[in-house]
Structures are given as structure tokens and as C-alpha cells.
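Small disclaimer: the values here were computed from a predicted structure and weren't measured.
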Amino acid sequence: MTAHDWYVEHCVDFVTRTLDSGDETSFADHLRRCEECKAAVQSIERDFAWLPMGAPPVRPRPGFRRQILRDVLGDRQPAWRRWIVPIALAASVLIAFGLYVSERRESDRIARALSTRTGELMALRDSLSVMRQAARVLQASISMNGHEGGLLIFADDVSHRWNVVVHGLPPAPPGETYQFWFICSDGMVRGATVTSEPGRPVFLTLGMPAEGGTVIGAALTMEPKSNRSPEPRGKELAHMLL
Amino acid sequence: MSADADRSRERSRPAGTSAGDGGRFVILHEKELCQRLVARDEQALVELVDVATPWLLGVTHAMLSDAGDAEDVVMQTFEIAWNRVGLVRDDGSDLVPWLLRIARNRAIDQLRARRRHQMKTQLIATLGGLDEDVTPATEPNEAAQPGWHVHETVKAAIGALPDDQRTAILLAYFRGLTQSEIAEHLAIPLGTVKTRLRLAFDKLRVSLATVKDWNL
């Protein structure tokens with residue numbers, strides 16, 4: 001038997017793939033060079049074309065046919081169609097995150113504004129309580145640079161606090177400031193600096209000073225900002241005694 | 001049934017399939033289907049997947065004994081078919097056999113690549129013939145399955161073989177064993193296996209000569 005005879009004899013075995021690995025590789029090499037064997041193999045393939053259908057058909061699971069089509073045809077879709085869903089998802093996540101951040105900032109801003117307003121409301125309630133409980137009310141008029149203003153004091157003897165209202169005064173000249181003083185039995189005691197704004201009264205709620213003895217009155221002066229002395233040195237605008 | 005009703009029923013089916021007598025479905029116009037596949041007609045692929053998938057799953061499942069692996073091979077088969085359909089003969093007559101050959105060869109490659117023969121041989125020991133193997137449920141209406149009569153013919157041809165030859169064919173062709181593996185599995189000489197396969201294939205060659213295409 002020649003080598004070629006061996007290949008002719010094993011054509012069926014090659015087609016049905018019952019040769020061992022080594023023989024199968026050798027046969028495939030021979031087939032590339034031998035037209036006679038190639039024709040014989042093709043003829044045998046046709047003879048056994050339907051033999052695989054000896055196995056009974058198997059019902060595909062639901063969705064398997066669709067999966068095949070998606071896999072086979074998937075690569076032929078335009079790039080934008082393949083990426084549209086991931087891009088849309090990413091965009092949705094980014095938009096949602098942006099809205100969250102924006103809403104969070106707005107929420108924080110509103111919370112801060114509410115806190116400020118709550119503080120102001122508490123201060124106003126406190127001021128109002130001082131005014132409602134005031135045992136004495138003192139008032140002095142102040143004329144300054146054509147403005148007619150005044151100093152109003154509501155003295156609460158229960159809580160020992162004064163609610164002071166300064167109104168109608170122009171802003172202080174550069175380098176100077178309005179200064180409120182307590183007149184005490186032992187001398188003048190520095191109270192609070194008053195920052196005047198046009199058209200808006202200034203409200204101060206002050207406790208009694210710990211030093212200087214008994215409070216017997218109050219004064220408002222215009223002081224140089226550099227003055228840190230315990231005694232007033234500027235022009236006196238109002239002076240009142242209890 | 002009137003001719004109009006017949007025509008109406010015909011139109012309701014996918015193109016490329018038709019109903020014969022007794023509800024038998026067959027692929028018609030294989031040449032046209034093949035040309036449409038070459039022209040990248042996606043609907044033609046849908047029709048081919050529809051009729052061929054159960055048979056491809058049948059042969060791959062019989063060989064691999066694993067539903068997931070069988071599905072993988074069938075998917076690969078259709079990918080190859082879609083990309084290389086131009087290799088089919090012009091008349092399209094060997095379209096389905098070509099798919100079956102690709103699927104079977106892929107299944108054998110997978111078996112050998114994964115060195116699953118030992119596991120498979122152990123599994124075979126617990127199995128009987130093709131009708132009592134591990135294949136899951138077949139189509140509910142088998143007679144309506146396109147190609148069912150081809151299956152019946154092939155099955156009858158295999159069933160007509162003597163027991164020893166039929167066993168050798170089942171192990172070789174539907175379980176993917178080589179001649180040496182069959183000899184080892186049956187504990188018989190290699191020469192005996194070769195003789196049994198030679199005789200069996202010669203008989204099948206004659207029996208299957210009447211099967212020319214999907215439409216018997």
C-alpha cells in the first residue's frame with residue numbers, strides 16, 4: 001500500500017472525524033496537495049450531508065433565537081446604535097448627579113437663610129420682650145448735619161437690660177464712629193459702638209455694665225475710631241439721666 | 001379548503017418555508033434564501049435561524065451533553081454562516097448540511113480542546129441510544145418541525161444497522177469519539193472498530209442516497 005492509498009482508504013474516517021489527532025493533521029496536510037483526495041472528501045461529505053440529522057431536534061430555550069440574531073447582527077449596527085444606550089445611561093447619571101448637587105446647594109442656601117432669619121426673629125422677639133416689659137422709656141432728640149434723629153431707651157428693670165434705638169442719624173464721617181455710653185455713679189462706662197445706616201434705625205439690646213457702680217443715665221458721642229480710652233473725648237450728641 | 005385560504009395561510013408563514021401535505025414544513029427556494037443571505041438580507045437570517053436552530057442544537061447537544069456548550073457552538077455556527085455564506089454552492093442545496101457540518105466540527109473541536117473525553121465516556125456509559133439520551137424536550141409538534149422527515153429517514157437508516165455497527169456509529173458520529181477511543185470504550189481491538197465503522201458507513205451511504213435535500 002502506498003501512502004496515497006492509505007489516504008484514499010481513510011477518506012471516510014477523515015470526513016467523519018474518527019481519525020486520531022495525528023492522523024487527522026497528516027490527512028489535512030495531504031488534502032491541500034491532492035486534488036483526487038479533495039474530490040473524494042467532498043463527495044463523501046455530500047453522501048453524509050444529512051447524517052447529523054439523526055440526532056433529534058432540541059427545542060431552543062425562549063429567547064435563544066433572538067440572542068443568536070443579536071450576536072450575529074450586533075457588529076453590523078452603526079456605532080451610535082451600539083453606544084446609544086450606555087451613553088444615555090451615563091448622561092442620565094450625570095444629569096441626576098448635577099441636579100442632586102444643585103438641589104443640595106440650594107437646600108443648603110435655604111437652610112442658611114432660614115437659620116439667619118430665625119436668629120433675627122429670635123432677636124426681634126427678645127427686643128420686643130424688653131420693650132413690652134420696660135419700666136421706663138427715655139428719649140432724646142439729635143440734630144446733626146441737617147438730619148433729625150434721636151436716641152430711645154427702653155429700660156427693663158426685671159431683666160436689667162436696655163433696648164436702645166438710634167434713628168435718623170447720618171453715617172458717621174470717615175475715621176469716626178457713634179459710641180454709646182453708660183453714665184454710672186463712678187463715671188462713664190463704654191457701651192456699644194453704633195453703626196448707622198441711612199433710613200434704617202439701629203437696635204441694641206444691652207445688659208448693665210459690671211463696673212462703674214449704679215447706672216444713672218446714658219450718652220451718645222461721636223468718637224475717633226482710634227480712641228480706646230475709657231472716657232469719651234469726642235462731641236457729645238445726647239445726654240440723658242434716669 | 002379553498003385555494004384562496006391556502007394562499008392566505010401560505011402568506012402568513014415566513015418566506016422560505018412552506019407547508020406540505022399533513023402539516024409538513026419544508027424549506028423552499030433554498031437558492032433564493034442563499035442569495036438573500038449573500039446579499040446580507042437580515043430577514044433571511046431570521047428565517048434560517050428559525051428552521052435550523054433545533055437541528056443544530058440537536059447534534060451539538062448530543063455530542064457535548066451540555067446545553068450551554070451546545071448553544072455556544074450553535075451561535076458560532078451562525079456567525080460563521082453569516083460571514084462565509086458565499087462558500088455555499090450556487091444552488092444553495094447544501095446550505096443546511098453545511099451548517100450541520102460546521103456545528104458538528106465545532107462541537108468535536110470543543111470536545112477535544114477541553115479534553116472532556118473522559119467525562120464524556122463516563123457519561124456515555126449511563127446512556128442508551130439517541131432517543132433515550134440527554135437531549136432535552138424536542139419541539140412540541142415534531143411532525144411540523146421543518147426537516148422532520150429527513151430525521152425520520154436518517155434514524156431509520158441507523159436503526160436498520162446491526163447492533164454492533166449502530167453502537168460504533170453512535171459513538172463515532174454522535175458522541176465524537178475517535179476510532180481509538182471507541183476501541184478503548186468498548187474494550188475491543190481497533191481493527192474491529194474500523195471494520196464495523198467501514199461497514200456501517202457503507203450501508204448508510206446507500207440508505208441516505210435517497211435524501212437529496214430538505215424537502216423529501
Side-chain angles (χ1 to χ4, degrees), chain A residues 1 5-28 31-32 38-78 81-82, chain B residues 40 42 45-46 49-50 53-55 57-59 61-63 67 70-71 74-75 78-79 82 94 96-97 100-101 103-105 108 112 130-131 135-140 142 145 147-148 150-151 153-155 157-158 172-174 176-180 182 194 197-198 201 204-205 208-209 211:
Chain A
M1 179 186 284
D5 291 338
W6 186 90
Y7 289 116
V8 171
E9 188 177 335
H10 287 86
C11 276
V12 171
D13 303 330
F14 177 76
V15 170
T16 56
R17 298 199 65 178
T18 54
L19 290 174
D20 287 331
S21 175
D23 289 341
E24 188 175 77
T25 305
S26 170
F27 199 108
L31 210 56
R32 277 190 279 273
K38 191 183 291 183
V41 162
Q42 287 172 349
S43 173
I44 294 167
E45 281 179 345
R46 280 195 293 276
D47 290 342
F48 295 123
W50 299 104
L51 188 52
M53 288 188 65
V58 171
R59 184 192 313 154
R61 63 173 166 77
F64 181 55
R65 286 183 170 108
R66 201 177 317 123
Q67 186 182 347
I68 292 171
L69 294 169
R70 195 169 54 241
D71 275 26
V72 174
L73 300 176
D75 291 340
R76 298 180 68 250
Q77 290 182 345
R81 280 181 67 185
R82 272 182 281 140
Chain B
R40 322 313 283 161
E42 295 180 1
L45 180 66
V46 172
V49 167
D50 203 37
T53 297
W55 297 108
L57 277 177
V59 70
H61 199 286
M63 299 181 75
E71 288 187 355
V74 172
M75 302 252 279
F78 279 112
E79 283 177 10
W82 179 248
D94 60 354
V96 175
L100 291 167
R101 196 160 59 241
R104 182 172 177 273
N105 283 331
I108 290 176
R112 293 178 183 173
L130 283 176
D131 284 343
T135 50
T138 56
E139 292 285 338
E142 293 173 337
Q145 175 68 35
W148 181 254
V150 178
H151 167 63
T153 303
V154 175
K155 189 176 157 190
I158 295 172
Y173 204 83
F174 295 99
L177 295 190
T178 64
Q179 294 167 344
S180 304
I182 294 170
K194 288 183 176 181
L197 285 176
R198 183 69 44 82
F201 279 126
L204 287 175
R205 211 172 192 171
L208 300 181
V211 184

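Under a cutoff of 6.0 Å and an axis angle of 45°, Arg101(B) and Phe48(A) do not form a cation-pi pair.
In summary, Asp94(B) and Arg46(A) do not engage in a salt bridge, as defined by a charged side-chain N under 4.0 Å from a carboxylate O.
At a 4.5 Å heavy-atom cutoff, the contact between Phe64(A) and chain B is made by side-chain atoms alone. When heavy atoms are compared at a cutoff of 4.5 Å, Phe78(B) approaches chain A by way of both its backbone and its side chain. Looking at Glu24(A), the atoms closer than 4.5 Å to chain B (heavy atoms on both sides) all sit in the side chain, from C-beta outward. The contact between Ile68(A) and chain B is made by backbone and side chain atoms together, counting heavy-atom distances below 4.5 Å. Contacts of Arg205(B) with chain A are made by both backbone and side-chain atoms, with heavy-atom separations under 4.5 Å.
Ser26(A) and Tyr7(A) form a side-chain donor-acceptor contact under 3.5 Å, judged by distance and modelled atom types alone. Under 3.5 Å, the side chains of Asp13(A) and Gln179(B) contain a donor-acceptor pair of N or O atoms.
Nearest heavy atom pair, residue Pro57(A) against residue Trp55(B), reads CD-CZ3, 3.3 Å.
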